[in-house]
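Read the numbers this way: they start at 1 and go in the same order the structure lists the ligands and their atoms.
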Amino acid sequence: SPVDGKYDYVIVGGGTAGCVLANRLTADGGKRVLVLESGGNGGALETRVPAALARLFRHPTLDWNLFSALQARLGEREVYLARGKLLGGSSATNATLYLRGTPADYDAWALPGWGAGDVLPWFVEAETNSKGASPYHGSGGLMRVESPRYVNPLHAEFFAAAKAAGLEANGDFNDWGRPQEGFGEYQVTQNNGRRADAFQTHLKPAMGRPNLTVVTGTHVTRLGLESSGAGKPRAVGVEFSTGRAAQADRFTAELAPGGEVLMCSGTVANPQLLMLSGIGPEGALRDLGLPVVAAAEGVGANLQDHPATLFAALSKPEYQDMYISSEIYGIGGTIRLGAIAQLLLQGRGPLATTGCDRGAFVNTRGGSGDPDLQIRFVPGYALDPDAIQSYVKYGQLRKEGKAWPGGITMQLLTARPKSRGRVGLYSADPFAPPKVDLGYFSDAGGADLATLLAGIKLARSIAEQAPLAKYLKQEGWPGADVQSEADLEAYVRRSACSGNALVGSCRMGAAPTDGSVVSAQDFSVWGVDALRVVDASVIPTIPGGQTGAATVMVAERAAALLTGAGAPRRGGAAAGAKAA
Ligand code: FAD
């Protein structure tokens with residue numbers, strides 16, 4: 001077997017949360033920790049250079065290449081769902097935007113210990129921010145956060161156009177002393193222009209510790225559970241495989257007495273693994289001939305994401321060279337040496353960005369609520385109305401040595417969606433992808449769709465303002481002919497893609513009777529001993545903003561609970577901040 005001995009903690013998945021836990025739980029040397037990761041090692045070049053994000057979508061080895069089930073509300077399409085498959089997980093393949101959401105996002109969880117005032121000290125403690133220490137930012141955490149280091153002249157023009165369209169400037173979207181609304185820079189999880197994923201920031205510094213074992217290429221297929229008499233079933237280890245199929249290739253990793261399994265395989269794989277192990281909705285388990293070890297109706301339910309669409313406009317020919325693509329690529333599609341030198345020597349330039357690190361949050365509904373719309377401005381033209389497909393097509397163009405047409409894009413995301421989906425199973429085969437029903441636009445009032453329709457109209461209005469209009473020749477997406485409500489709705493349904501923020505499928509809650517899967521007090525799975533879930537899947541309601549920061553906050557809290565470290569020492573500084 002690739003592992004020997006028994007472990008105090010077996011961490012399933014060396015992704016974002018898994019790397020945080022692996023670091024913290026091994027720090028004092030007292031516990032033996034094993035990390036089992038399906039994918040490969042961290043640190044691949046594509047993950048280091050932020051602009052290489054385009055190459056990570058549909059990547060043959062660094063991504064899971066997962067698609068949703070056919071979505072009836074989206075014209076019977078399967079939606080591609082990017083997920084990192086390597087140490088660092090999705091933090092190594094994401095767009096690096098650092099956003100926490102708002103105080104109201106956490107107060108709405110309505111869970112003791114998880115209100116805005118409770119979570120803020122953990123966000124602050126977790127980061128080292130280029131803004132320096134303040135009531136809302138930290139300077140001593142492992143997570144690296146900095147202001148975006150690539151500047152394109154169109155960023156200022158976007159800000160001026162947004163202002164002309166009626167929006168206000170926001171100097172820090174994570175400043176909880178002010179509303180989230182407005183336009184501005186998104187900070188990023190980068191360090192000097194390089195991606196700072198959880199492998200780099202948390203796992204790598206801990207790799208040399210003798211009490212930490214990290215094994216890649218190990219796909220966990222099932223939890224080892226023991227049911228003895230009338231007591232609760234108890235996790236005793238996990239089963240895993242290093243290959244695709246053969247029975248001979250099944251191994252087990254065992255827990256030492258008092259040990260625990262920590263599930264960190266993410267919002268898609270956690271419910272799949274729980275169900276394969278007999279923990280899940282009874283009916284669904286029986287349908288697939290799986291044993292029912294612990295009935296748990298909430299497993300896989302409550303799936304949330306930020307459904308997205310986009311607006312894009314093509315450049316006038318005389319401005320063709322202003323866009324991110326022409327700054328990166330020269331004749332024949334080769335990367336400009338100047339761009340490489342800028343990244344290496346200064347940590348700046350067009351390679352130091354994932355492209356979408358400026359934008360706005362807008363309340364399109366009026367009233368005083370938090371924004372329902374997020375705009376991500378890209379100084380580049382989307383080749384496809386599905387933003388992710390656009391990156392994929394872009395990769396193809398490059399291979400063919402063709403130029404990318406100049407232009408701008410505004411990615412439009414439902415920041416606080418009301419729709420809910422579900423992760424289920426097609427089969428009991430642990431290598432088969434699970435059945436992911438995204439449930440986009442399933443909310444009864446139609447609010448999520450309405451947000452994106454309002455978003456397209458707002459994006460049009462921003463693009464029509466003089467500062468941007470002077471560069472633009474014509475609208476590409478949805479296209480000037482798409483004007484009626486019906487046509488706009490059809491466009492959104494046919495273009496909707498994932499905002500890459502899957503959360504909630506193992507929701508934490510206050511009691512086993514409230515439909516939750518794990519306890520919000522200690523992350524333990526209701527009804528099972530020695531088993532906890534710690535990652536994005538426990539987030540009960542999606543925050544308005546990308547989900548990586550909240551995932552690290554959750555993992556830091558779990559680590560402190562397990563090590564007995566308690567609340568952040570910096571709580572004092574943060575206590576002065578307005579959070580509730
Ligand atoms: P992950 O980090 O995905 O980790 C799960 C790990 O488990 C992976 O390494 C996986 O390979 C492994 N695994 C899965 N199944 C098994 C198994 N059976 N056995 C062993 N290992 C297994 N967030 C932001 O904050 N800002 C952004 O700009 C942003 N953009 C995003 C863009 C994309 C394309 C994606 C995919 C995500 C983005 N996110 C962003 C979201 C953010 O990255 C995630 O919310 C966060 O990384 C989730 O962390 P996690 O620990 O729950 O899961």
Side-chain angles (χ1 to χ4, degrees), residues 10-21 35-40 42 50 53-54 56-59 61-64 66 80-101 143 145 186-190 195 197-199 203 215-223 238-242 253 263-270 272-273 276 305-306 308 354-357 359 374 376 387-388 391 411 413 430-431 433-434 497-506 533-539 542-543 545-555:
V10 172
I11 297 177
V12 178
T16 312
C19 288
V20 173
L21 286 176
V35 177
L36 296 173
E37 165 58 41
S38 268
L53 174 67
L56 292 168
F57 292 109
R58 306 289 320 272
H59 192 284
T61 57
L62 301 175
D63 179 78
W64 283 85
L66 177 73
Y80 165 59
L81 299 168
R83 287 193 300 151
K85 188 177 182 182
L86 72 162
L87 292 177
S90 299
S91 73
T93 63
N94 72 15
T96 73
L97 307 186
Y98 178 80
L99 289 154
R100 299 169 182 170
M143 191 176 195
V145 181
Y186 297 131
Q187 284 202 295
V188 288
T189 47
Q190 296 177 14
R195 177 191 296 275
D197 56 54
F199 168 75
L203 192 60
V215 195
T216 55
T218 46
H219 186 73
V220 174
T221 51
R222 211 159 63 134
L223 306 174
V238 305
E239 296 176 15
F240 66 94
S241 163
T242 57
M263 298 189 67
C264 303
S265 57
T267 301
V268 171
N270 282 337
Q272 179 181 26
L273 273 173
L276 290 172
D305 190 8
H306 297 134
T354 57
C356 56
D357 45 26
Q374 183 186 8
R376 305 200 308 201
I388 298 176
Y391 284 106
Q411 301 171 345
L413 289 79
F431 296 100
C497 70
S498 173
N500 303 305
L502 297 176
V503 300
S505 60
C506 298
V533 181
V534 180
D535 59 22
S537 67
V538 307
I539 293 174
I542 192 167
Q546 281 59 58
T547 45
T551 304
V552 170
M553 180 271 290
V554 163

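An N or O contact shorter than 3.5 Å links Asn94 to ligand 1 by distance. The shortest N or O to N or O distance between Lys85 and ligand 1 is not under 3.5 Å. Residue-to-ligand polar distances keep Arg376 apart from ligand 1: every N/O pair is separated by 3.5 Å or more. For ligand 1, one of its N or O atoms has an N or O atom of Ala536 under 3.5 Å away. In terms of polar-atom proximity, defined here as any N/O pair under 3.5 Å, Val220 does make such a contact with ligand 1. In terms of N/O distances under 3.5 Å, ligand 1 is not approached by Gly18. Among the atoms of Tyr98, none of the N or O lies under 3.5 angstrom from an N or O of ligand 1. At under 3.5 Å, a nitrogen or oxygen of Ala17, whether backbone or side chain, sits near a nitrogen or oxygen of ligand 1. Any N or O atom pair closer than 3.5 Å counts here, and Leu97 shares at least one such pair with ligand 1.
Residue Lys85 holds its NZ atom at 7.5 Å from NE2 of His219, rounded to the nearest 0.5 Å. Taking CD of Gln272 as the reference point, atom OG of Ser505 lies at 11.0 Å (rounded to 0.5 Å). Atom-to-atom distance recorded for Thr93:OG1 and Leu56:CG is 6.0 Å, nearest 0.5 angstrom. We find the CG-OG1 distance between Leu99 and Thr547 to be 10.0 Å, quoted to the nearest 0.5 Å. For the atom pair CZ of Arg376 and CG of Leu413, the computed distance is 5.0 Å after rounding to the nearest 0.5 Å. A distance of 5.0 Å separates CZ in Arg195 from CG in Asn94, rounded to the nearest 0.5 Å.
Of all protein heavy atoms, the one closest to atom 36 (C) of ligand 1 is Ala82 O, 3.1 Å. The shortest contact between atom 21 (N) of ligand 1 and any protein heavy atom is with Ser38 N, 3.1 Å. For atom 25 (O) of ligand 1, the nearest non-hydrogen atom of the protein is Gly548 N, 2.7 Å. The protein atom (non-hydrogen) at minimum distance from atom 41 (C) of ligand 1 is Asn500 O, 3.3 Å. Protein heavy atom nearest atom 14 (C) of ligand 1, with residue, atom name and distance: Trp64 CZ2, 3.4 Å. Here the protein heavy atom with the shortest distance to atom 44 (C) of ligand 1 is Thr547 OG1, 3.9 Å. In terms of protein heavy-atom proximity, atom 9 (O) of ligand 1 is nearest to Glu37 OE1, 2.7 Å. Shortest contact from atom 2 (O) of ligand 1 to any protein heavy atom: Thr16 OG1, 2.6 Å.
At distances below 3.5 Å, at least one donor-acceptor pair connects side-chain atoms of Thr221 with backbone N or O atoms of Glu239. The main-chain N or O of Gly84 is never found under 3.5 Å from a side-chain atom of Asp63 such that the two would form a donor-acceptor pair.
The heavy atom nearest to atom 3 (O) of ligand 1, out of those in Ser90, Ser91, Gly89, is found in Ser90. In this comparison of Val552, Thr189, Asp535, Thr551, the heavy atom closest to atom 48 (C) of ligand 1 sits on Thr551. Nearest to atom 34 (C) of ligand 1 by heavy-atom distance, out of Phe199, Tyr80, Phe240, Phe57, is Phe57.
Which parts of ligand 1 touch Ala269 is read off a 4.0 Å heavy-atom cut-off, strictly below it: atoms 14 (C), 15 (N). The distance from ligand 1 to the heavy atoms of Ala549 drops below 4.0 Å at these ligand atoms: 25 (O). Here is the list of ligand 1 atoms found below 4.0 Å of a heavy atom in Leu36: 20 (C), 21 (N). Taking every non-hydrogen atom of His219 and a distance limit under 4.0 Å, the qualifying atoms of ligand 1 come out as 17 (C), 18 (N), 19 (N). Less than 4.0 angstrom separates some heavy atom of Ala95 from each of these atoms of ligand 1: 27 (C), 28 (O), 29 (C), 30 (N), 31 (C), 32 (C). Shown in contact with Gly13 at under 4.0 Å from a heavy atom are these atoms of ligand 1, numbered in order with element: 7 (O), 12 (C), 21 (N).
Of all the heavy atoms in Ala82 and Asn500, the pair that sits closest is CB-OD1, 4.0 Å. Of all the heavy atoms in Tyr391 and Thr354, the pair that sits closest is OH-O, 3.5 Å. Nearest heavy atom pair, residue Gly14 against residue Cys19, reads O-SG, 3.4 Å. The two residues Cys264 and Val534 make their nearest non-hydrogen contact at SG-O, 3.4 Å. Closest approach of Pro543 to Gly101, counting heavy atoms only: CB-CA, 4.3 Å. Shortest non-hydrogen contact noted between Cys356 and Tyr186 is O-CD1, 3.6 Å.
Contacts between Leu87 and ligand 1, counted as non-hydrogen atom pairs separated by less than 4.0 Å, are absent for every part of the residue. Contacts of Thr96 with ligand 1, taken as heavy-atom pairs under 4.0 Å, involve the backbone alone. Residue contacts with ligand 1 for Thr218 involve N, CA, C or O but no side-chain atom from C-beta outward (heavy atoms, distance under 4.0 Å). Contacts of Pro430 with ligand 1, taken as heavy-atom pairs under 4.0 Å, are absent altogether.
Under a 4.0 angstrom heavy-atom cut-off, Gly84 registers as being in contact with ligand 1. In this structure, Leu86 has a heavy atom closer than 4.0 Å to ligand 1. Not a single heavy atom of Thr221 sits under 4.0 Å from any atom of ligand 1. Taking 4.0 Å as the cut-off, Thr93 counts as a neighbour of ligand 1 on heavy-atom distance. For the pair Tyr186 and ligand 1, no heavy-atom separation below 4.0 Å is found.
Taking the six-membered ring where tryptophan is involved, the planes of Phe57 and Tyr80 are perpendicular, since the angle between them exceeds 60° and thus also 30°.
A side chain to side chain contact (heavy atoms under 4.5 Å, CB included) with Val503 is found for exactly one of Thr551, Asp305, Val538, Ile539, namely Ile539.
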Decide yes or no on side-chain contact (heavy atoms from CB on, under 4.5 Å) for Gln411 and Gln374, but give the supporting numbers first.
-> CA-CA 8 Å; Gln411 301 171 345; Gln374 183 186 8; over 6 Å; no
For this session: Could you give me the CA-CA distance, side-chain angles and deciding distance for Thr189 and Asp197, then say whether side-chain contact (heavy atoms from CB on, under 4.5 Å) is met?
Result: CA-CA 7 Å; Thr189 47; Asp197 56 54; over 6 Å; no
* To do: Verify side-chain contact (heavy atoms from CB on, under 4.5 Å) between Ser265 and Leu273, making sure each step is shown before the conclusion.
  => CA-CA 9 Å; Ser265 57; Leu273 273 173; 3.8 Å; yes
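For Asp535, the side-chain hydrogen bond (donor to acceptor under 3.5 Å, both in side chains) criterion is met by Asn270, Ser537, not counting sequence neighbours.
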